[in-house]
K.L.:
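Let me begin by handing over the structure; questions about it come next.
Below, each value reflects all heavy atoms present in this structure, side chains not excepted, and no hydrogens, waters or symmetry copies.
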Amino acid sequence: MKKILFLMTTGLALFASCSKMLDIEPTDAISSSEAIKDKAGIEKAISGAYDAFQNAGLYGRNRVILGDLAADNLVWTGTTLDYAQLDNNNITIDNSLIDGMWSGAFDGINRVNGILAAMPGISDINDAERAAYEGEAVFMRALYYFNLLTYFGGVPIRTSPTLDVNNLDLPRNTAAEVYDQVIADLKDAEIKLPPTGQMPEGRAGSMAATALLARVYLTRYHAESKTEYADLAIAKASQVISDGGFSLAGNYADLYAGNTPERIFQVVFSVQDRNRLAEYFFPRSLTGRYEIAPAESIMVTYDVADSLRFKASI
């Protein structure tokens with residue numbers, strides 16, 4: 001009987017202990033209401049939204065690779081069959097590269113939407129700071145959506161954060177509606193962002209929004225053949241040239257070496273937080289994968305006399 005009583009009391013003690021453990025606050029996650037509630041939280045969230053650009057599906061690798069691979073400026077030379085599908089224009093529904101582009105962009109959009117949803121409750125910032133944070137957020141949302149638009153056409157438009165599973169499936173918006181959303185966000189960003197020279201490296205200033213608007217208008221002109229967008233593209237590009245304070249780099253190779261007077265906006269990587277482009281382009285003799293390589297058809301288009309541009313690019 002004593003043994004039975006001991007086992008029962010031991011079991012009750014374990015149950016009480018487990019119950020208490022289940023009630024503690026999680027240390028590896030934080031609720032959306034707690035994550036962004038002051039200026040410090042906004043700063044961290046803004047950094048997190050920029051960080052999503054570094055995703056392998058975006059500028060961390062495949063945003064740079066897949067367009068040229070599909071256009072035959074690159075050829076597949078490696079072992080990953082998903083790249084072969086792009087090279088051969090025969091893409092299956094389970095292609096991980098396409099999935100990564102889609103999910104990476106929408107991850108960034110959701111981070112940005114979380115920031116914008118939290119902004120009205122932030123009280124320890126002034127009006128200028130609020131405008132700057134909002135400007136950065138809508139600029140990033142526009143760039144994420146522009147990336148999606150150029151690869152997928154019309155996609156679902158989300159302007160509020162996804163906090164649960166109740167609203168995951170949205171219908172696809174038209175390409176025109178996505179263009180309108182991107183343009184509206186960039187016009188808002190132009191007004192709210194500080195001058196580009198006042199922003200830290202890797203964060204957007206007003207000229208980044210103006211320059212991206214020029215590209216969006218030009219892309220829409222080619223997609224819809226409406227001259228009004230060509231005129232708007234010229235106007236915005238001219239504004240960047242005349243008012244931006246930028247100039248062409250004296251040495252073409254400097255474009256691949258970091259900061260240049262041409263830089264308007266850049267995604268910043270470091271040794272610890274790197275992209276994997278070199279790994280995928282470099283030959284195996286340089287510890288690369290040699291997954292893709294410049295096509296012969298693109299190499300022969302370079303001017304033989306312009307060896308610097310060829311060496312820097314190829």
K.L.:
Taking the six-membered ring of Y280, is NZ or CZ of R61 closer than 6.0 Å to its centre and within 45° of its axis?
P.N.:
yes
K.L.:
Hey, is the main chain of A142 close enough, under 3.5 Å, to the side chain of Q181 for a donor-acceptor pair?
P.N.:
no
K.L.:
Do S160 and N113 have side chains that approach each other closer than 4.5 Å (heavy atoms only, starting at C-beta)?
P.N.:
no
K.L.:
Write down the atom of V268, the atom of G202, and the distance for their closest heavy-atom approach.
P.N.:
CG2-CA, 3.5 Å
K.L.:
Would you compute the distance between atom CD1 of I98 and atom OH of Y151 and round it to the nearest 0.5 angstrom?
P.N.:
8.5 Å
K.L.:
Mark yes or no for whether N173, through its side chain, and I157, through its backbone, hold a donor-acceptor pair below 3.5 Å.
P.N.:
yes
K.L.:
If you measure only the distance, is there a donor-acceptor pair under 3.5 Å linking the side chains of S47 and R203?
P.N.:
no
K.L.:
Using the rule that two of Ile, Leu, Val, Met, Phe, Trp, Tyr join whenever any of their side-chain heavy atoms come within less than 4.5 Å, decide whether F310 and F281 are in one cluster.
P.N.:
no
K.L.:
For the backbone of A189 and the side chain of E136, can you confirm whether one donor and one acceptor N or O come within less than 3.5 Å of each other?
P.N.:
no
K.L.:
Are T77 and E291 close enough that some pair of their side-chain heavy atoms sits under 4.5 Å apart?
P.N.:
no
K.L.:
Taking the inter-plane angle between the rings of Y145 and F106 on a 0 to 90° scale, is it parallel (under 30°), tilted (30 to 60°) or perpendicular (over 60°)?
P.N.:
perpendicular
K.L.:
Would you tell me whether Y179 and E224 have side-chain atoms, one donor and one acceptor, within less than 3.5 Å of each other?
P.N.:
no
K.L.:
Does atom CZ of R215 have more than 12 heavy-atom neighbours from other groups under 6.0 Å away?
P.N.:
no
K.L.:
Can a salt bridge be assigned to the pair R141 and D185 using a cut-off of 4.0 Å between side-chain N and carboxylate O?
P.N.:
yes
K.L.:
With rounding to the nearest 0.5 angstrom, report the CG to OH distance, L212 to Y217.
P.N.:
11.0 Å
K.L.:
Could you go step by step and tell me if F139 and F265 meet the ring pair (Phe, Tyr, Trp, His ring centres under 6.0 Å) rule?
P.N.:
CA-CA 11 Å; F139 169 83; F265 171 72; 5.2 Å; yes
K.L.:
Tell me whether L232 shares a hydrophobic cluster with I264, the cluster being built from Ile, Leu, Val, Met, Phe, Trp, Tyr side chains joined at under 4.5 Å.
P.N.:
no
K.L.:
Look at the side chain of E129 and the backbone N and O of N126, then say whether any donor-acceptor pair between them is shorter than 3.5 Å.
P.N.:
yes
K.L.:
Can you measure from CZ (R111) to CE (M140) and round to the nearest 0.5 angstrom?
P.N.:
10.0 Å
K.L.:
Step by step, work out the side chain to side chain contact (heavy atoms under 4.5 Å, CB included) result for R289 and T80.
P.N.:
CA-CA 10 Å; R289 292 174 58 102; T80 304; 2.9 Å; yes
K.L.:
Between atom CD1 of I115 and atom CD of E43, what is the distance when rounded to the nearest 0.5 Å?
P.N.:
10.0 Å
K.L.:
Under 3.5 Å, side chain of Y229 to main-chain N/O of A223, donor-acceptor pair present?
P.N.:
no
K.L.:
Look at the side chain of D38 and the backbone N and O of D124, then say whether any donor-acceptor pair between them is shorter than 3.5 Å.
P.N.:
no
K.L.:
Indicate whether any N or O donor in one side chain lies under 3.5 Å from an N or O acceptor in the other, for E190 and S206.
P.N.:
no
K.L.:
Below 4.0 angstrom, N of the basic side chain to O of the carboxylate: do R263 and D254 qualify?
P.N.:
no
K.L.:
Answer yes or no: is there a donor N or O on one side and an acceptor on the other, between the side chain of R158 and the main chain of I109, under 3.5 Å?
P.N.:
no
K.L.:
Are V75 and I298 linked, directly or through other ILVMFWY residues, by side chains that come within less than 4.5 angstrom of each other?
P.N.:
no
K.L.:
Hey, are N147 and R63 close enough side-chain-wise for a donor-acceptor pair under 3.5 Å?
P.N.:
yes
K.L.:
Side chains of D94 and T92: donor-acceptor distance under 3.5 Å anywhere?
P.N.:
yes
K.L.:
Using 0.5 Å steps for rounding, measure from the CG atom of L74 to the CG atom of L86.
P.N.:
10.5 Å
K.L.:
Using a 4.5 Å cut-off on heavy atoms from C-beta on, say whether the side chain of Y144 contacts that of L58.
P.N.:
yes
K.L.:
Verify side chain to side chain contact (heavy atoms under 4.5 Å, CB included) between D82 and I91, making sure each step is shown before the conclusion.
P.N.:
CA-CA 8 Å; D82 285 355; I91 303 168; over 6 Å; no
K.L.:
Do you know the tightest heavy-atom contact between A132 and L193?
P.N.:
O-CD2, 4.0 Å
K.L.:
Keeping T260 on the side-chain end and L255 on the backbone end, is there a donor-acceptor pair under 3.5 Å?
P.N.:
no
K.L.:
Do I125 and M119 pass the side chain to side chain contact (heavy atoms under 4.5 Å, CB included) test, and can you show the C-alpha distance, the side-chain angles, and the key distance before you say yes or no?
P.N.:
CA-CA 10 Å; I125 55 176; M119 285 301 298; 3.7 Å; yes
K.L.:
Any side-chain heavy atom of E262 within less than 4.5 Å of one from F246?
P.N.:
no
K.L.:
Check L116 against A137 and note the closest heavy-atom contact, atom names and distance.
P.N.:
CD2-CB, 3.7 Å
K.L.:
Report yes or no: do Q85 and N90 form a side-chain donor-acceptor pair below 3.5 Å?
P.N.:
no
K.L.:
Treating Ile, Leu, Val, Met, Phe, Trp and Tyr as nodes and any side-chain heavy-atom pair under 4.5 angstrom as an edge, say whether M207 and Y50 lie in one connected cluster.
P.N.:
no
K.L.:
For Y290, does the six-membered ring have the charged nitrogen or CZ of R284 within the cation-pi criterion, i.e. under 6.0 angstrom from the centroid and within 45° of the normal?
P.N.:
no
K.L.:
On a heavy-atom basis, which atom in A214 and which in K236 lie closest, and how many Å separate them?
P.N.:
CB-CB, 3.7 Å
K.L.:
To the nearest 0.5 Å, how far apart are OG1 in T301 and CD in E296?
P.N.:
10.0 Å
K.L.:
Checking N62 side chain against I65 main chain: does a donor-acceptor pair fall under 3.5 Å?
P.N.:
no
K.L.:
Before you tell me yes or no, could you show the steps for Y221 and E228 under side-chain hydrogen bond (donor to acceptor under 3.5 Å, both in side chains), namely the whole-Å CA-CA distance, both residues' side-chain angles and the distance that decides it to 0.1 Å?
P.N.:
CA-CA 8 Å; Y221 162 68; E228 63 188 274; over 6 Å; no
K.L.:
Are more than 12 heavy atoms from other residues, nucleotides or ligands located less than 6.0 Å from atom CG of D127?
P.N.:
no
K.L.:
If you define the side chain from C-beta out and look only at heavy atoms, does anything of T219 sit under 4.5 Å from F146?
P.N.:
yes
K.L.:
Of the non-hydrogen atoms in F269 and N275, which two are nearest, and what is the gap between them?
P.N.:
CD2-N, 3.3 Å
K.L.:
When you measure from the side chain of S270 to the backbone of D273, do you find a donor-acceptor pair of N or O atoms at a distance under 3.5 Å?
P.N.:
yes
K.L.:
For residues N55 and G100, report the shortest heavy-atom separation together with the two atoms involved.
P.N.:
OD1-O, 4.2 Å
K.L.:
Evaluate whether atom CZ of F282 has more than 12 neighbouring non-hydrogen atoms of other residues, nucleotides or ligands under 6.0 angstrom away.
P.N.:
no
K.L.:
Please name the residue in the list V182, L143, V155 that meets the side-chain contact (heavy atoms from CB on, under 4.5 Å) test with L148.
P.N.:
V155
K.L.:
Might you confirm whether atom CG of D169 has over 12 heavy atoms from other residues, nucleotides or ligands at distances under 6.0 Å?
P.N.:
no
K.L.:
Same cluster or not: are L277 and I292 linked, directly or through other Ile, Leu, Val, Met, Phe, Trp or Tyr residues, by side-chain heavy atoms under 4.5 angstrom apart?
P.N.:
yes
K.L.:
Set out, in order, the CA-CA distance, both residues' side-chain angles and the distance that settles side chain to side chain contact (heavy atoms under 4.5 Å, CB included) for I183 and R220, then state yes or no.
P.N.:
CA-CA 10 Å; I183 290 169; R220 191 168 193 178; 3.6 Å; yes
